Amino acid sequence: MNNNQQLLQDVFNLISRFTMVGGGLWIIWGTVILAGALKDKNGPQLQQGIWQVVGGALILVAAVWFVTAFDVASLLR
């Protein structure tokens, strides 16, 4: 692997890690909203918390999929 490929691989790894952290934080915040809604028995807030947790999980899955299934070297050929 030459220097350009290594640099591109490092950039993609950094973006993927940042996205995974963002997805994780999104899940945590959705869980906090969900817990608050359960305490107050608030229906719309409960729905918002559930969908935020689902959205965070999808972001996390996409980031992991991107880092494991994407071939960076194919971009420089």
Side-chain angles (χ1 to χ4, degrees):
M1 185 177 281
N2 64 23
N3 287 341
N4 290 337
Q5 289 175 336
Q6 184 62 40
L7 178 64
L8 192 59
Q9 182 69 42
D10 291 344
V11 168
F12 278 111
N13 286 340
L14 182 65
I15 291 170
S16 296
R17 286 184 189 146
F18 180 76
T19 307
M20 283 188 263
V21 168
L25 289 174
W26 203 250
I27 290 173
I28 291 170
W29 189 247
T31 304
V32 169
I33 291 173
L34 183 63
L38 287 173
K39 178 182 157 258
D40 297 338
K41 297 181 177 100
N42 186 350
Q45 195 175 11
L46 185 71
Q47 183 182 12
Q48 179 187 358
I50 290 170
W51 284 115
Q52 190 156 355
V53 168
V54 170
L58 288 175
I59 291 170
L60 199 59
V61 167
V64 170
W65 189 21
F66 184 74
V67 77
T68 57
F70 193 71
D71 183 20
V72 176
S74 67
L75 292 175
L76 297 176
R77 290 183 193 157

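In this text, all values refer to a predicted model and were calculated from it rather than measured experimentally.
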Problem - Option passing side-chain contact (heavy atoms from CB on, under 4.5 Å) with Gln6 (candidates Leu8, Asn2, Asp10, Asn4) - result: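 Testing each of Leu8, Asn2, Asp10, Asn4 against Gln6, the sole residue satisfying side-chain contact (heavy atoms from CB on, under 4.5 Å) is Asp10.
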Validation: residues 54-68 side-chain donor-acceptor distances under 3.5 Å, sequence neighbours left out:
from, atom 1, to, atom 2, distance (Å)
Thr68, OG1, Val64, O, 2.8
Thr68, OG1, Trp65, O, 3.4

Handout entry: Leu7 side, atom CG; Phe12 side, atom CZ - distance, nearest 0.5 Å
Key = 10.5 Å
Less than 3.5 Å apart, which donor and acceptor atoms pair up between the side chains of residues 19-39 and the rest of the protein, not counting sequence neighbours?
from, atom 1, to, atom 2, distance (Å)
Thr19, OG1, Ile15, O, 2.8
Thr31, OG1, Ile27, O, 2.8

